[in-house]
Amino acid sequence: IECDGEIIAGLVSNPIQREQWGAELGAGATYNGSPIHVSSVADLAVSQAFHGSLYGSEAEGLPREKVLGVLSQTHRQRGMGDFYGHMLVASGAGEFSLDFGLKPWDLAPLKIIVEEAGGKVTNRDGGFSLTNGSLVCSNGVLHEVVLSQLR
């Protein structure tokens with residue numbers, strides 16, 4: 001839900017797994033009704049990273065070499081795209097997630113849920129626009145490190 005240009009609430013539903021993440025501005029984020037929070041991992045070398053497609057039409061706008069460079073510095077990487085990696089970051093199960101070629105309806109709920117869980121969300125350039133198409137979400141601690149390697 002957007003009000004006066006600001007995202008004030010968001011919901012992500014995974015009905016097959018019976019999972020639901022939600023957030024309201026100033027009220028925190030939840031997973032199946034229970035509060036969630038991002039991790040506090042501050043070292044890229046021990047982090048878990050998630051990413052969307054590295055090739056094909058879903059990788060539109062992907063700076064492949066830069067993405068592979070930052071992923072190679074992490075302890076573990078998983079590619080799943082769409083919402084799931086970002087929700088794992090919000091839930092504290094990983095430290096950052098990268099996606100490219102997204103639409104506004106993909107970006108909006110992810111942003112408020114991750115931020116209300118204590119994380120940080122920007123586009124690859126460090127700003128945020130629903131029409132940019134790129135998404136970098138993190139636990140906040142590693143955000144600038146990841147962004148600096150994607151620029």
Apply side-chain contact (heavy atoms from CB on, under 4.5 Å) to residues Met80 and Phe50 and explain how you reach the verdict.
CA-CA 7 Å; Met80 53 193 76; Phe50 305 106; 3.9 Å; yes
Can you list the steps and then say if Thr30 with Asn32 is a side-chain contact (heavy atoms from CB on, under 4.5 Å)?
CA-CA 6 Å; Thr30 61; Asn32 288 346; over 6 Å; no
Residues Glu115, Ile7; criterion side-chain contact (heavy atoms from CB on, under 4.5 Å); working and verdict:
CA-CA 11 Å; Glu115 288 179 348; Ile7 301 164; over 6 Å; no
Test side-chain hydrogen bond (donor to acceptor under 3.5 Å, both in side chains) applied to Glu19 and Tyr31, step by step
CA-CA 7 Å; Glu19 295 177 305; Tyr31 167 73; 2.9 Å; yes
Run Phe100 and Val67 through side-chain contact (heavy atoms from CB on, under 4.5 Å) and show every step you take.
CA-CA 11 Å; Phe100 298 84; Val67 168; 3.8 Å; yes
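There is no path of hydrophobic side-chain contacts, each under 4.5 Å, that joins Val89 to Val141. In terms of hydrophobic clustering, with Ile, Leu, Val, Met, Phe, Trp and Tyr side chains grouped at heavy-atom distances under 4.5 Å, Leu68 and Val70 are assigned to a common cluster. Under the 4.5 Å side-chain heavy-atom criterion for ILVMFWY residues, a single connected hydrophobic cluster contains both Ile113 and Leu107. Residues Phe128 and Leu102 are members of one and the same hydrophobic cluster, defined by side-chain heavy-atom contacts under 4.5 angstrom among Ile, Leu, Val, Met, Phe, Trp and Tyr. Linking Ile, Leu, Val, Met, Phe, Trp and Tyr residues whenever their side-chain heavy atoms come within less than 4.5 Å leaves Leu44 and Val38 in two separate clusters.
Of all non-hydrogen atoms in Cys3 and Ile8, the two that sit nearest each other are CB-CD1, 3.9 Å. Counting all heavy atoms, side chain and backbone alike, Leu25 lies closest to Ile112 at N-CD1, 3.6 Å. Across every non-hydrogen atom of Ile36 and Ser91, the tightest pair is CD1-OG, 3.9 Å. Here the shortest heavy-atom pairing between His143 and Thr122 reads NE2-OG1, 2.9 Å. Of all the heavy atoms in Ser39 and Gly94, the pair that sits closest is OG-O, 4.1 Å. Minimum interatomic distance between Ser47 and Thr74 (heavy atoms only, all atoms of both residues): OG-CG2, 3.3 Å.
Around CZ of Arg151, the count of heavy atoms belonging to other residues, nucleotides or ligands within 6.0 Å exceeds 12. The number of heavy atoms from other shown groups lying within 6.0 Å of CD1 (Ile1) does not exceed 12.
Side-chain contact between Pro109 and Leu11: absent, with no pair of heavy atoms (C-beta onward) separated by less than 4.5 Å. Proximity of Asn14 to Val12: side-chain heavy atoms (C-beta onward) are nowhere separated by under 4.5 Å. Under the 4.5 Å side-chain criterion, counting only non-hydrogen atoms from C-beta, Glu2 is in contact with Leu130.
The SG atom of Cys137 sits 7.0 Å away from the CG atom of Leu110 when rounded to the nearest 0.5 Å. The distance from atom CG of Leu150 to atom CG of Asn123, rounded to the nearest 0.5 Å, is 12.0 Å. Interatomic distance, Arg64 CZ to Ser53 OG, rounded to the nearest 0.5 Å: 10.0 Å. Distance check: Glu95 CD to Arg76 CZ gives 11.0 Å after rounding to the nearest 0.5 Å. Atom-to-atom distance recorded for Ser138:OG and Phe96:CZ is 9.0 Å, nearest 0.5 angstrom. Between atom CD of residue Gln48 and atom OG of residue Ser97 there is a gap of 10.0 Å, rounded to the nearest 0.5 Å.
Between the Asp106 side chain and the Lys103 main chain, a donor and an acceptor come within less than 3.5 Å of each other. Judged by distance alone, the side chain of Glu116 and the main-chain N or O of Gly28 form a donor-acceptor pair under 3.5 Å.
Partner of Gln149 under the side chain to side chain donor-acceptor pair (under 3.5 Å) criterion, chosen from Glu144, Gln73, Lys66: Gln73. Applying side-chain contact (heavy atoms from CB on, under 4.5 Å) to Asp99 and the options His51, Arg124, His86 leaves one that passes, His86.
Note: Trp21 and Tyr84 have perpendicular aromatic rings, judged against thresholds of 30 and 60 degrees for the angle between ring planes.
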